[in-house]
Protein chains: 2
Amino acid sequence: MTDSLAKGHGDTRSRILDVAEVLFMEQGFDGTSMRSITSHAGVNLAAVNYHFGSKEQLIQEVFHRRLTELNRIRLTRLGELEAEAGGASIKPSRIVDAFFGTALRMASDVEGGGHTFMRLLGRTYTEPQAFVRKFLAEEYAECVEHFLAALYRALPEVDRNEILWRFHFMMGAMSYAIAGTDALQLVTGKFDDEDPSRLESRLMSFLLGGLRAPLADFGAAQ
Amino acid sequence: MTDSLAKGHGDTRSRILDVAEVLFMEQGFDGTSMRSITSHAGVNLAAVNYHFGSKEQLIQEVFHRRLTELNRIRLTRLGELEAEAGGASIKPSRIVDAFFGTALRMASDVEGGGHTFMRLLGRTYTEPQAFVRKFLAEEYAECVEHFLAALYRALPEVDRNEILWRFHFMMGAMSYAIAGTDALQLVTGKFDDEDPSRLESRLMSFLLGGLRAPLADFGAAQ
DNA sequence: CGAAAATTAAAACGTACGTTTGAATAATAC
DNA sequence: GTATTATTCAAACGTACGTTTTAATTTTCG
C-alpha cells in the first residue's frame, strides 16, 4: 500500500508532507482524504493528527515550508538588485524577474517537488476556503509589499493603482501558465512537448509586454 | 430556511441552478452540500436528484446554461468582425475584445448572475476533478478553435505556438482578474472601490500589451 | 370530473470522512 | 538497566454526505 515515491524517504513527518503535496495538487484538498495520504506515505492513519494536529494544519504546513523559501529567495534577489543600483532606480524587468522568474525557476524543478508545489499554489490563489486565503495572504504580505514598493519607485510616473492591477494580472497569467496547462491542452489538442524550458522566457515576454502596455484611456475602445 | 435571493423566483429547477451557482462560487463544489443547496433554494432535498440526476450533473448544468450563451455571443461577434472585414484581416485587438471583452461584459452583469458565474468559471479552469475539466473542454472546443484560427490569420508572421501560449496567458490573466480579487485584496490591503467599471479597459490594455510583446529570444534574459 | 403523469415530501440507507482512544512499541535520558 | 518520553498502531466514534425509497400531492389533459 506504500508509494514508491515516498517509501523510505525521510521520516514520517516529511513523507506525509511530500505525499500530501502531490495528492492535493492532483485531487484538491477536499478530494484528498487522510486515509489516502497516510496509505500512500506508508504511515499509520493517526500519524497526521499526531504530527500536525489536523488536516487543516497539514495543509498550512505544506504551503509554509515551500513559501517561506520561495519568498526568501525573492527578497534576497530584490535586495541584490537594490544593492547593485545603489540608490538609482531598478529596471522594472529585473524586478519582475526577481518575483515571477524566481517562481518559474522553482516551477521548473520537477525532481525536487517545486513543479508540483507551484501547480498547487497557482490553483490555491482562488481557493474558496477562507482559512486558506487567510494564511496565504499572511505568507505573502511582506514579500508583495516590498516588490510593490520597488515597482512604485521604478515607475514613478505610473499611477499606483495601475501598477497594483498589473501586478495582479501578472500573478494570474503566471498561475495559469503553471497550474492550468491541463485545461488548455484539453481545449486545443496539444502543446509541443519541448516546452517546459521555454515557458519561462515566453511568459516573461508576455508579462513585460503587459506591464509596459500603454495605459487605458477610459473612453472608447481602440 | 429559504433564501431571499431565490424565494419565489422561477420554478424549482431554476431556483436550484441559481442557488447552486452562488454556493459553488462561494464554497466550491465539495464544500457545497446538496442539503445546503436545497435548503437555500427552499426546495426538498430530493429535488436535485429528481431534476438533474446527481450532483455531478447539476454542476455540469450550472456551467452549460451560461457557457452556451457566452460562447454563442463570442462567435456571433467574431462572425460580425469577419463580415465587416470581408476577407481582409481583422485587427488582433478586435479579436481579443470579441473573446475576452465579451467575458468581461458578462462578468460586469452583477444582477443577472453573470458576475457570480464568471468568478466561478475562472476558478474552475484549474479544477482538479477530471469530469469538470472534460466537459469544460467540450464546451469550449469549438469557440476556441475559431478564435485561434482568427488570430492565426490576423498574425500570419507569428509562430502559432506563440499565439497559443499567449492565448493561454491571456486566459489566466482574465480568470484571476475576475476570480481572484479576494486574494490580492488580502495581500495588498484594498483596491479603490470605483474599480469594477474600469476593470475591462485596464485588463484589455494589459492583454493587448502582452499579445503584442516582442517574442522571446531563447538566449540570455534582458 | 377522473385517470395518468409529473412533482414534491419525509425518512431512511449505506458510505466515507476527520478525529480520538488506549494499548503497544521504539527511542531517549539518567 | 530502568524510567520516561515519543511515536506507532489497530480499532472505533460520531458526523455529514449523496442518493434512494415510497407515499403524498399537484398538475396535465381527454
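Protein chains get the first letters and strands the later ones, always in sequence-line order, with residue 1 at the start of each. Because only heavy atoms are used, hydrogens play no part in the values below, and waters and symmetry mates are left out as well, while side chains stay in.
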Value in whole Å for how far the [atom2] atom of [N] lies from [atom1] of [X]:
{"X": "A/Tyr50", "N": "D/dC9", "atom1": "OH", "atom2": "C1'", "result": "13 Å"}
{"X": "A/Asp11", "N": "C/dA27", "atom1": "CG", "atom2": "P", "result": "13 Å"}
{"X": "A/Asn44", "N": "C/dA26", "atom1": "CG", "atom2": "P", "result": "14 Å"}

B/Arg166 (side chain) donor-acceptor with B/Gly210 (main chain) under 3.5 angstrom:
yes
Using only side-chain N and O atoms of B/Thr12, determine if any of them is under 4.0 Å from OP1 or OP2 of C/dT7.
no
Is the distance from OP1 or OP2 of D/dA6 to the nearest side-chain N or O of A/His51 less than 4.0 Å?
no
Tell me whether the centres of the aromatic rings in A/Phe63 and A/Phe135 are closer together than 6.0 Å.
yes
For A/Gln57, give me all partners under side chain to side chain donor-acceptor pair (under 3.5 Å), at least two apart in sequence or on another chain.
A/Ser54
Residue that, paired with B/Arg66, satisfies side chain to side chain donor-acceptor pair (under 3.5 Å) out of B/Glu61, B/Glu139, B/Glu21
B/Glu21
Can you classify the ring geometry of B/Phe147 versus B/Phe99 as parallel (below 30°), tilted (30 to 60°) or perpendicular (above 60°)?
perpendicular
Would you call B/Glu138-B/Lys134 a salt bridge at under 4.0 Å N-O?
yes
Check nucleotides 16-19 of chain D for protein N or O atoms closer than 3.5 Å to its own N or O atoms and list the pairs.
from   : atom 1 : to      : atom 2 : distance (Å)
D/dG18 : OP1    : B/Lys55 : NZ     : 2.5
D/dG18 : OP2    : B/Met34 : N      : 2.7
D/dG18 : N7     : B/Arg35 : NH1    : 2.8
D/dG18 : O6     : B/Arg35 : NH2    : 2.8
D/dT19 : OP2    : B/Asn49 : OD1    : 3.4
D/dT19 : OP2    : B/Lys55 : N      : 2.9

